[in-house]
Amino acid sequence: MEKEINYDYYKEKNKKSNTGKITFIVILAVLIVGAIIGSSIYMELIQLRELNPKADYSSVFTTNLLYKIIFILLSFVVISLFVYISNIFIIKNLKKYFTHNNLEARKMYNAPIALIIGIIGAYLTKDYFYGKALLFLNSVKFGRVDPQFGQDIGYYMFQRPFYMSLLDFISNLWLFIVIYSAIYYVLVLLTALNNTFSADTLKDKILLRHNLLNVAIFFVLKSVSYKFQREGLLYSSFTETGVSGSGFSSTNIWIRFYTIAPVIVLAIVIIAFLFMWKGKLKKAALTIAVYPVLFILVTITSGIIQTVFVKPNEFEYEKNYLKNNMIETRAAYGLDKIKQYDFKTIEDLTPEIIKNNRNTIDNIRVVDYTPTLNSNKQLQSNTNFYTFSTGDILNYTVNGKEIPVLISAREINTSNLQNQNFVNRTFKYTHGYGVVVNPINKVTAQGQVEFLLSGLKMDTVDKQNLNITEPRIYYGELTNNFVIVNPKASKKEAEIDYDGTAVNYFEAGNTEKIKLNLLNRLLFATKYMDANILVSSNINSDSQILLNRNVVERAQKGVPFLKVDSDPAMTITSDGRLKWVLDAYTVSDNYPYAQNFYTQSSEPDLRALNGINYIRNSVKITVDAYDGTVRYYVIDKEDPIIQAYQKVYPEVFSKEPLPEDIASHTRYPETLFKIQTEVLKKYHLDPNEHEENISNFYTNQDAWNIAKYPDENSPDKVRDIDAYYNMIKLPDDLGKTEELILMRPFTPSAGKHNMISWLAVRNSKDNYGEMILFNFPKNTNILGPDQVEVNINQISEISEYNTLWGQGKSNVFKGSLLVIPIENSVLYVEPIYIQSKSESSIPQVKKIVVGYQDGTDFKHGIGNNLEDALNNLFEGDLKLTGNKLPTVDQKEQNGEEENQNGETPNEGNNQPAEQTSTDTGTPPADKNGQLDQAKLDEIQKKLDELMKQSKEINDLIESLKK
């Protein structure tokens, strides 16, 4: 009788309902994930396009995305295929095992497991390949080979990293297969055998052969890696000082071992596999043990040779390898291109030398960076929402004369707004306004900074070279928030300009900023977690959101493969626009035999480059301060890495050269120069010039230090002197006229402070990046900055001034001590500042100290300005008639403008803004300070005369005592 089948309608209906729910949830999840990924890609693309609509910076993102997708899919296919094929063998072997042991067959899964593992593996390796693949497929030759294997350096930079990533991927995947297979066997057998399972179960020949075969394949793959391990010795270290590269033992023992190791491993694997196939497991195990025994023997042999032979005579054994490190390190950091200039003799400074180099004297920096910036904050901020964060020293021609100037951007500082509401931060206070240009070679009669371009009306002494047509700064160093701007016709919330006028100033023009349609409003409201973007009545479809306004982050966004320096310089273009200029570096840690750079510096830019062993300043970046347009210019076309990136991203870099009005004011980046000077301390010796240099390098006999400068805040009370810009004429035929250079002096190591050399890098358009190392005669003891500072501190007048000025409510501090090379002589210059302890006080240069070395003595002069100090130095023999630079009206120096009312009326909440002054000029306190200053100067003059008379009396008394 047939069995009756009962059909439960409601049960089946519930099943279908549950299946439908699961299907719906899966589809919904896929749609949500797709929407998130799609919106993320869309937002990235519109932000990249907004950097410069005329360029194609989105190609960086799309190219990377394309290659990433390709390699994700390839990884998924390879991983899934490997797992799927392994599962076929595992399931087949387990079925045989169940049949032989009369066990009930179990259901075992293959495809679902392979797909799940493939998805997980592809996700984990999503960023593993594409970057290396891009350079691999677009690699170029360096035209220089490594000293060990004779392979082009480009192989190590572009090809080897990709080959290694492929091998690592396959090796790690197969190691996973080895472990996965063993686990699969164990789990299935545990389920099938339950309590009867034991370790002996896994000794079944069918199961054991598969697992041992997996291990054997892993060792075969491992043997391929010996090629890369052999090349990796070029990045190891030898000698006790940790010199990078392959030394004697590595070259003569380990490189040879890794050369024959693949043959040995393959032979061991084949023999061991044959033994295992025949069931002779002990012989197979003994065969496999040959390799670790051999490795141990090589290690012991290497250690004995290193200890017994190499270490006692290390230099003789390692000399050639030290030379390799010296040559390649110098090349990797660009030090091999340094020109050498040896002073035959050092002459005493004379009035004639000063007069013959008047242009150099006129351009000496007599004001310091930080006090000048503080002065600008007090005199030129003009409102409580403007400030100056940094300044940059550049060369500019002012009324026909090229001089060094400090350019400081007057940026918006929204953190100082009294009302931090959404309207103020987003719609009203949107931009900074203009720049201040100070000559760094002049001060006023009161010791304050002078101005060449100042005030909110951009008052200038040179309307041709220092004329600004668009002063508004929407993109800067302090603009870290987004703002929303509206067209004038929109009748929406207007922006606040410098004079309190409420008008819509930003006109996008050809910049095509991001418009806030409904989709964009929704996306950006979600991104910034700010519902105001979605609901604000001040926003419509014509409103534009300005994003990525921090110039460093903005410049970096288009070139994520480069390292962008965080110190942009503001430049005034020929058409009166303001543009930020930034430096970008190509870096690598794959240069063979080159020493890696490491520093404990507190500077983030330097710390971020720890570990590199190759660097080039290959790209200059400009960012328009008004509309944010970004352009990338290749300035080092010989750099192979940037050549490769040009092939990868052909649309990113400008086809045009750096514009003339930018190139004529470029400066060599301090970050790169500091790295080069740090490396030069040890690698200034050229092994190709003298063989003795290799010995000196090994013993550190001729190692240098950066010249020191007193610093009470440092644990050692001294610090390395900063690299600084100078405008001088280089000696002899090196320079035809004064030019801006970046320089840093050196002293010997071992605690000595006499100056033995200084490195200069040129900034002029025709000679940009050319480095010259000036060496003082070895038989001459030249005072270093720290020694000069000691001498200055011993000057009795300085001590008396410090005592006098330091009384009461004033601070006395010294500016930077500058070393000024003039022909074959050296002039030292240091300003001395006085500043009231009140927060609104303005630092003033009260005295300038100059000096030079006369034998073992330090001759000094002191004056109210540089000319007075030089005349004092030469006891009146030097008659200089200064060429005073034209400056703006004194009223503008103090920031006197109309409508300077701090935060403007109707600030978001329709309440009157707080007035910072009832006068349209400087607050009364500053004016009073100006009147008091004349009286103070008169008193100071009388005190100087009294101190001079007192000193004469003391000298007379001392002579009578004798």
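Keep in mind that what you see is a predicted model, and the values were worked out from it rather than measured. Below, each value reflects all heavy atoms present in this structure, side chains not excepted, and no hydrogens, waters or symmetry copies.
- Tyr649 and Ser59 make their closest contact through CD2-O, 4.3 Å (heavy atoms, listed as atom of the first residue, atom of the second, distance).
- Using modelled atom types, one finds a donor on one side chain and an acceptor on the other under 3.5 Å when comparing Glu402 with Asn395.
- Under the 6.0 Å cut-off for aromatic ring centres, Phe482 and Tyr528 qualify, their centroids lying closer than that.
- For Asn438 and Thr372, the side-chain atoms include no donor-acceptor pair closer than 3.5 Å.
- When all heavy atoms are compared, the tightest approach of Phe388 to Ala409 is CD2-O, 3.2 Å.
- Side-chain contact annotation: Thr671 with Asp565, donor-acceptor N/O pair under 3.5 Å present.
- The structure places OG1 of Thr383 at 8.5 Å from CZ of Arg410, a figure rounded to the nearest 0.5 Å.
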Full working for salt bridge (charged side-chain N to carboxylate O under 4.0 Å, His left out) between Arg365 and Asp368: CA-CA 8 Å; Arg365 192 179 92 195; Asp368 244 28; 3.5 Å; yes
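- Residue Lys655 qualifies as enclosed at atom NZ: its count of foreign heavy atoms under 6.0 Å is above 12.
- Ion pairing between a basic and an acidic side chain is recognised when a charged N comes within 4.0 Å of a carboxylate O; Glu660 and Lys765 show such pairing.
- Using a 4.0 Å cut-off between charged side-chain N and carboxylate O, Lys401 and Asp362 make a salt bridge.
- Lys515 NZ: 12 or fewer foreign heavy atoms inside a 6.0 Å radius.
- Shown here is Lys492, whose NZ atom has more than 12 heavy atoms of other residues, nucleotides or ligands within 6.0 Å.
- Nearest heavy atom pair, residue Ser381 against residue Thr387, reads OG-CA, 3.9 Å.
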Trace of the side-chain contact (heavy atoms from CB on, under 4.5 Å) decision for Ile412 with Ile473: CA-CA 8 Å; Ile412 190 76; Ile473 300 173; over 6 Å; no
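- Counted by atom type alone, Asn416 and Thr414 present zero donor-acceptor pairs between their side chains at under 3.5 Å.
- Classification of Lys557 and Glu50 as a salt-bridged pair fails, no side-chain N sitting under 4.0 Å from a carboxylate O.
- Annotation for Met570 and Ile407: closest pair O-CD1, 3.8 Å, computed over non-hydrogen atoms.
- Residues satisfying the salt bridge (charged side-chain N to carboxylate O under 4.0 Å, His left out) test with Glu477, not counting sequence neighbours, are none.
- Residues Asp530 and Asn532 have side chains that bring a donor and an acceptor to within less than 3.5 angstrom of each other.
- Using modelled atom types, one finds a donor on one side chain and an acceptor on the other under 3.5 Å when comparing Tyr474 with Glu495.
- In terms of heavy-atom proximity, Ser543 sits nearest to Ile484 at CB-CG2, 4.0 Å.
- At a cut-off of 3.5 Å, with distance as the only test, a side-chain donor of Asp627 or Thr629 sits close to an acceptor on the other residue.
- Using a cutoff of 4.0 Å between basic side-chain nitrogens and carboxylate oxygens, Asp497 and Arg472 are scored as salt-bridged.
- Using modelled atom types, one finds no donor on one side chain facing an acceptor on the other under 3.5 Å when comparing Asn52 with Tyr632.
- Phe427 has its ring centre less than 6.0 Å from the ring centre of Phe422.
- To the nearest 0.5 angstrom, Leu658 atom CG is 9.0 Å from Ser664 atom OG.
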Stepwise ring-ring contact (aromatic ring centres under 6.0 Å, His included) test for Phe561 and Tyr645: CA-CA 9 Å; Phe561 47 89; Tyr645 281 125; 4.4 Å; yes
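- With sequence neighbours excluded, the residues that form a side chain to side chain contact (heavy atoms under 4.5 Å, CB included) with Asn550 are Asn480, Val552, Glu553.
- A salt bridge links Arg667 with Asp567; the closest basic N to acidic carboxylate O contact falls under 4.0 Å.
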